[in-house]
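Taking it in order: structure first as structure tokens, then the write-up.
On a predicted model such as this, the values are computed, not experimentally measured, just so you know.
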Amino acid sequence: MTIPHEEAVLVIFPHPDDEAFGVSGTISTYIKQGTPVTYACLTLGEMGRNLGNPPFATRESLPQIRKKELQASADAMGLKDLRMMGLRDKTIEFEDDNKMVQLVQDLIDDVKPSLIITFYPDYSVHPDHEATARAVSRAVYRMPQEQRPKIYAVAFSNATKDDLGEPHVIHDITEAREQKMGAMRAHISQTAWMLEEMEKRLADGEPEAENWLHFERFYIYDVETSKYQ
């Protein structure tokens, strides 16, 4: 489907590169349409798995590398409103629940989005992903119904298709293909091996690889039926 108009879009993910994998084409397309997009990245990915062999970074230097990569990804997408929220990687699940809900609510109050893009609770694998999704769900649920933005959620656990079925929303992001690849390349410290594999698959003409560069998929998340309220 084509991407419908939104008044404003708020993207909330915990790590640098979360946006690149699944939603960078959507972000770029909204920006091309003139829709204001804000990306709130909760951490700087301090605990990213790849430090190189031989190492190109230490735990102390990796945050600054990933901060630069995050800004480069934003530049590749044409994103101007990038917010680095200053939480620590792999600790979001331990943050106070009310603090996390308030953080999300403050973002909503400021951006006034008609749409939020985030992870789907219980179907996004990583504890930081899950904690982010729960905070968004709770913040939106506590809003008056008539003021609630829609939530498009990214889900990729092994149980996703069995439990949730087919995605509710499919965005054709063909015209943002280069921006998506640019966002992926920006996070080179963590995505080098993936890019190498992806470019090989593209060169071999694999349909799944091409499909990944042409479509992005979301589930519409209903806070009324959520257990996270």
Side-chain angles (χ1 to χ4, degrees), residues 6-23 26-27 36-49 59 62-63 66-67 70 74 79 81-160 163-164 167-169 190 218-229:
E6 295 291 344
E7 293 301 318
V9 176
L10 172 60
V11 181
I12 306 177
F13 287 132
H15 308 121
D17 76 22
D18 284 338
E19 84 292 341
F21 293 115
V23 307
T26 293
I27 290 173
V37 180
T38 298
Y39 175 27
C41 188
L42 302 188
T43 82
L44 289 177
E46 299 93 330
M47 301 304 291
R49 287 179 292 178
R59 284 287 165 221
L62 186 61
R66 300 206 70 187
K67 182 177 181 179
L70 179 57
L79 179 77
D81 191 2
L82 170 63
R83 306 192 188 187
M84 303 180 194
M85 305 303 294
L87 300 180
R88 185 164 181 80
D89 191 11
K90 289 193 176 179
T91 69
I92 295 178
E93 64 178 311
F94 305 114
E95 292 284 354
D96 177 75
D97 181 68
N98 290 328
K99 171 186 172 181
M100 290 299 300
V101 171
Q102 189 61 55
L103 180 151
V104 174
Q105 188 60 62
D106 289 345
L107 286 166
I108 292 172
D109 290 345
D110 184 39
V111 175
K112 297 178 174 55
S114 55
L115 172 67
I116 296 176
I117 297 175
T118 191
F119 286 118
Y120 201 116
D122 298 328
Y123 295 91
S124 55
V125 181
H126 190 293
D128 280 356
H129 297 178
E130 298 291 353
T132 301
R134 292 193 298 268
V136 172
S137 178
R138 286 174 172 140
V140 173
Y141 176 76
R142 295 172 190 181
M143 297 174 66
Q145 278 189 310
E146 68 277 7
Q147 296 178 17
R148 291 175 185 165
K150 300 185 297 293
I151 300 176
Y152 284 1
V154 177
F156 55 92
S157 76
N158 290 337
T160 297
D163 293 352
L164 302 180
H168 305 134
V169 176
Q190 305 301 305
F218 304 90
Y219 292 88
I220 298 173
Y221 185 70
D222 182 3
V223 296
E224 285 291 336
T225 60
S226 171
K227 63 184 179 182
Y228 299 111
Q229 296 178 351

[Y] and [X], any side-chain heavy atoms less than 4.5 Å apart:
X	Y	result
Pro149	Val140	yes
Glu224	Tyr141	yes
Val169	Lys150	no

(request) Please state whether the rings of His15 and His129 are parallel, tilted or perpendicular, taking 30° and 60° as the class boundaries. (result)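 Ring orientation, 0 to 90° scale: tilted.
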(request) Fit a plane to each ring of Phe119 and Phe13, take the angle between them on a 0 to 90° scale, and name the class: parallel (under 30°), tilted (30 to 60°) or perpendicular (over 60°). (result)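 Rings of Phe119 and Phe13: tilted, 30 to 60°.
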How long is the span from the [atom1] atom in [X] to the [atom2] atom in [Y], to the nearest 0.5 Å?
X	Y	atom1	atom2	result
Leu42	Asp18	CG	CG	9.0 Å
Tyr152	Leu115	OH	CG	6.0 Å
Thr38	Ile116	OG1	CD1	11.0 Å
Ile12	Thr132	CD1	OG1	8.5 Å
Leu70	Met84	CG	CE	4.5 Å
Tyr120	Asp122	OH	CG	8.5 Å

Taking every non-hydrogen atom, the tightest pair across [X] and [Y]:
X	Y	result
Ser137	Ser226	OG-OG, 3.3 Å
Ala8	Lys112	CB-O, 4.0 Å
Ile108	Pro113	O-CD, 3.6 Å
Cys41	Pro16	SG-N, 3.4 Å

(request) Please check if any side-chain donor atom of Asn98 sits under 3.5 Å from a side-chain acceptor atom of Gln102, or the reverse. (result)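 Note: Asn98 and Gln102 side chains miss the donor-acceptor criterion.
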(request) Give the intermediate values and the outcome of side chain to side chain contact (heavy atoms under 4.5 Å, CB included) for residues Leu82 and Glu19. (result) CA-CA 11 Å; Leu82 170 63; Glu19 84 292 341; over 6 Å; no
Donor-acceptor check, side chain of [X] to backbone of [Y], threshold 3.5 angstrom: yes or no?
X	Y	result
Thr43	Pro14	yes
Asp128	Lys90	yes
Arg138	Tyr228	no
Gln229	Val223	yes

(message) Against Ser114, only a single residue in Glu6, Arg148, Glu7 fulfils side chain to side chain donor-acceptor pair (under 3.5 Å); can you say which?
(response)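 One option only clears the test, and that one is Glu6.
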(request) Before accepting this row, confirm whether a basic side-chain N of the pair Asp97/Arg134 lies closer than 4.0 Å to the acidic partner's carboxylate O. (result)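 Result for this pair is no, no salt bridge flagged.
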(message) Does Thr26 form a side chain to side chain contact (heavy atoms under 4.5 Å, CB included) with Phe218? I'd like the steps, not just the answer.
(response) CA-CA 10 Å; Thr26 293; Phe218 304 90; 3.6 Å; yes
(message) side chain to side chain contact (heavy atoms under 4.5 Å, CB included) for Ile92 and Met85? Distances and angles first, verdict last.
(response) CA-CA 12 Å; Ile92 295 178; Met85 305 303 294; over 6 Å; no
(request) Answer yes or no: does atom CG of Asp109 have more than 12 heavy-atom neighbours from other residues, nucleotides or ligands under 6.0 Å? (result)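 Yes - once you tally the heavy atoms of other residues, nucleotides and ligands closer than 6.0 Å, there are more than 12.
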(request) Walk me through it: do Arg142 and Gln105 pass the test side chain to side chain contact (heavy atoms under 4.5 Å, CB included)? (result) CA-CA 9 Å; Arg142 295 172 190 181; Gln105 188 60 62; 5.6 Å; no
(request) Kindly write out the residues that satisfy side-chain contact (heavy atoms from CB on, under 4.5 Å) with Glu95, not counting sequence neighbours, or none if the list is empty. (result)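 So Glu95 forms a side-chain contact (heavy atoms from CB on, under 4.5 Å) with Leu87, Thr91, Lys99, Met100.
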(message) The criterion is side-chain contact (heavy atoms from CB on, under 4.5 Å); which residues satisfy it with Ser157, sequence neighbours excluded?
(response)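 Only Tyr123, Val125, Ala159, Thr160 meet the side-chain contact (heavy atoms from CB on, under 4.5 Å) criterion with Ser157.
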